[in-house]
2 protein chains.
Amino acid sequence: MARSDTRYREAYNQILTYCETLPVAAPIPSETRLSEIAGVSRTVIRRCLTRMQELGLISWQGRDKSLLRAPQSGDRIALPRSSADKGDLEQRFLDWVLRFDVPANTPLSIAELSRNFDVPQHDLREFLAGLSRFGLVSRRPKGGWMLLGFTKDFAIELSDFRSVLELNAVAQVAEAPVGHPVWAALAKVRADHLTLKTAMETDYHEFSKLDEQFHLAINSVVKNRFIAEFQKVISLIFHYHYMWDKTAEKERNAAAIDEHLAIIDALEARDADAARAAAQRHLRTSKTTLLSSLRHHDLG
Amino acid sequence: MARSDTRYREAYNQILTYCETLPVAAPIPSETRLSEIAGVSRTVIRRCLTRMQELGLISWQGRDKSLLRAPQSGDRIALPRSSADKGDLEQRFLDWVLRFDVPANTPLSIAELSRNFDVPQHDLREFLAGLSRFGLVSRRPKGGWMLLGFTKDFAIELSDFRSVLELNAVAQVAEAPVGHPVWAALAKVRADHLTLKTAMETDYHEFSKLDEQFHLAINSVVKNRFIAEFQKVISLIFHYHYMWDKTAEKERNAAAIDEHLAIIDALEARDADAARAAAQRHLRTSKTTLLSSLRHHDLG
DNA sequence: TATTTGTTCATTATCATAAAAAACATTTGA
DNA sequence: TCAAATGTTTTTTATGATAATGAACAAATA
């Protein structure tokens, strides 16, 4: 069959809502005007008008259209149960991969994913095509898709790439002018880190959020669509791995807090070299953690 | 309708080719074995065998299959005219965008592109979905796609990102061990640069190739799938823009040669700081050139 | 002459479905 | 008997056809 008429249904209800604001017998705006109101083409509007005429809601002859009676809830048209949000797909997909430890080189079934995520097959294909640009999935020779990550090589390369991006960000922060919002953000981050440090014994698992907050602040100075796109994926992957890897979590987090603070210290002192060195130390730790979390998976 | 049977047709011909190596009356291998030979599933193989039986090429009963006569060219099955190569699409698309100066914010018609590039609509959608990860295209609110690049902002961000990647590469080259192949490559690049320099008056347009060669050599030390993926797109874009922007080409190229040589000098001296500084100078020139070529387009 | 509607044409999103793959069950013969 | 082959069923994928939508143009109105 052909495409769904969801657009028409939504437009129809929207036009009804608009008509509710009109008094009975009021003239109805032009088709072009209505199409602007509903954000659809005139074709759809004419379909709406036809139905309204059939229901006796309006009179319509040439360019004379007027409301015959106030629309009622029964006049509305049912919307097909909307499938799950498409924009959310990335998060849910990575969540699935990491939470269930989907191993590298797993064949991905579009049909199955489509069912599980409640998303049309072609949307999934589009999504996977996007991920293949990040080297996370690829097409298989006999058709279908395959999950490539998370091998050791993948983790190493991802970490290295992240380092390149973050060191660049740190360098830019060090050169940010005094009034730049990043300084306020970092001051807040520092305070939150110190607060958590005093309550470390009990709240150490809260660190995950702080980590995100810290890296977000640092990277906020970099206004670059390419970097931003990658950061999204990178931070998701690191974030999830930290979440699920529970070995020595408290010690790990305590160390990370100190590393973060060292970076902030150097930045606030406008010491670019020291900041770079501190960031390098921190990124090396991160890399080690990510790799060891993979090793656990391999063994388990 | 449904998917094409190209796979079957190709497999069939391939099996025929295999059978040509067999003597008449020879037994034919198992279905599983044949499926390995042709690289398809048993379903396809059985379809092939059925046809071969119908043509009287083989006898087939249960697991007894044997060749009745040598296959002839007339036994082969016609292949549908294969549409243009899919892997080549990226190059051709960028070529089209840059060669015809498709302006930013142009709506892209899948139908039209599909005709022009001789590629199924589905494949184009997948391709564009991939590009949207690079911020080159995006989906439009009312459906369809739109070309976003090449605005000034896009060029700036692309250049900046390229700088981040290349400076990282240069730093890694500076630390490469003596026996690393990059040194031989750079020596060759240096020699080629010097050769061109002497013939600059007439052959200055040959520089484009050298530029590619130079940046390829530098980036070859970076083994990283993410960076590699981006470099592909970046180098294509820079490459094409240089090709089409003819203003002051000779002077531009002469200056670039000296900049390249300065970088190589510093690298061979293992002076990382000097190499970084030289690379930064060169990248700044590149950025300026890219931006000015955009400005010309805006005016023309 | 600027809007509005009527009409036609082009494009997109979506689905049904044949082709292909994969999984499972049965048979065969050493 | 059991591994390998075939027979059968189920699942998945790729892809053309097509209704829904958008867009362009022509005619009409006021």
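In what follows, chains carry the letters A, B, and so on, assigned in the order in which the sequence lines appear, proteins first and then strands, with residues in each chain numbered from 1.
- One finds no side-chain N or O of B:S41 lying less than 4.0 angstrom from the OP1 or OP2 phosphate oxygen of C:dA20.
- Residue B:L34 is classed as having no contact, given no heavy-atom separation below 4.0 Å to the nucleic acid.
- The A:D5 side chain lies nearest to D:dA20 when the options are D:dA14, D:dA20, D:dT6.
- Neither OP1 nor OP2 of C:dT4 sits under 4.0 Å from any side-chain N or O of A:K65.
- Here the side chains of A:R139 and B:E126 are in contact, with some heavy-atom distance below 4.5 Å.
- For the pair A:R140 and A:W145, the NZ or CZ position fails the cation-pi test of under 6.0 Å to the six-membered ring centre and within 45 degrees of the ring normal.
- Of the candidate nucleotides D:dT6, D:dT21, C:dA19, D:dT6 has the atom nearest to the side chain of B:R63.
- Rounded to whole Å, the distance from CG on B:L128 to P on C:dA13 is 11 Å.
- Protein atom CD of A:Q121 is 7 Å distant from nucleotide atom P of D:dT13, rounded to whole Å.
- Set against C:dT14, D:dA5, C:dT7, the side chain of A:S4 has C:dT14 as its closest nucleotide.
- Relative to the side chain of B:H122, the nucleotides C:dG6, D:dT15, D:dG22 differ in distance, and D:dT15 lies closest.
- Residue B:K142 has no polar side-chain atom (N or O) positioned under 4.0 Å from OP1 or OP2 of C:dT11.
- When heavy atoms are screened at a 4.0 angstrom cut-off, A:R115 is found touching the sugar-phosphate backbone but no base atom.
- If B:R46 and A:V40 are placed on DNA chain D by their nearest nucleotide, the residue sitting closer to the 5' end is B:R46.
- Taking the centre of each ring, B:F226 and A:F154 come in below the 6.0 Å mark.
- Here C:dA22 presents its P atom at 13 Å from CE of A:M146, a figure rounded to the nearest Å.
- Whole-Å rounding puts the A:Q53 CD to C:dT5 P distance at 13 Å.
- No engagement by A:R9 is indicated, since no non-hydrogen atom pair under 4.0 Å with the nucleic acid exists.
- Between B:V222 and B:L165 the shortest side-chain heavy-atom distance does not fall below 4.5 Å.
- Of the charged side-chain nitrogens involved, none lies within less than 4.0 Å of a carboxylate oxygen, so that B:K223 and A:D160 do not count as a salt-bridged pair.
- With rounding to whole Å, B:E112 atom CD is found 12 Å from C:dA10 atom P.
- A:S109 comes within contact range of the sugar-phosphate backbone alone, with a heavy-atom separation under 4.0 Å but no base atom that close.
- Take the nearest nucleotide of DNA chain C for B:D64 and for B:G143: the residue whose nucleotide is more 5' is B:G143.
- When the nucleotides D:dG22, C:dT5, D:dG7 are ranked by their closest atom to the side chain of A:R7, D:dG22 comes out on top.
- Candidate nucleotides C:dT5, C:dA13, D:dT21 were compared by shortest atom distance to the side chain of A:V44, and D:dT21 ranks first.
- Here B:R133 pairs with A:E90 in a salt bridge; the nearest charged N to carboxylate O distance falls below 4.0 Å.
- For C:dA21, its base sits under 3.5 Å from the side chain of B:T43 at one donor and acceptor pair at least.
- For B:Y8, the listed nucleotide lying nearest its side chain is C:dA20; candidates were D:dT6, C:dT12, C:dA20.
- Residue contacts shown for B:R139 are limited to sugar-phosphate atoms, with no base heavy atom under 4.0 Å away.
- Toward the 5' end of DNA chain D, the nearer of the two residues B:R42 and A:T6, judged by each one's closest nucleotide, is B:R42.
- At the heavy-atom level, B:L124 lies nowhere under 4.0 Å from the strands shown.
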Test side-chain contact (heavy atoms from CB on, under 4.5 Å) applied to B:R42 and B:T32, step by step: CA-CA 6 Å; B:R42 267 182 59 215; B:T32 317; 4.1 Å; yes
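- Here C:dA20 is the nucleotide among D:dT13, D:dG7, C:dA20 with the atom lying nearest to any side-chain atom of B:R47.
- Computed from coordinates, the A:I110 CD1 to C:dA19 P distance equals 21 Å when rounded to whole Å.
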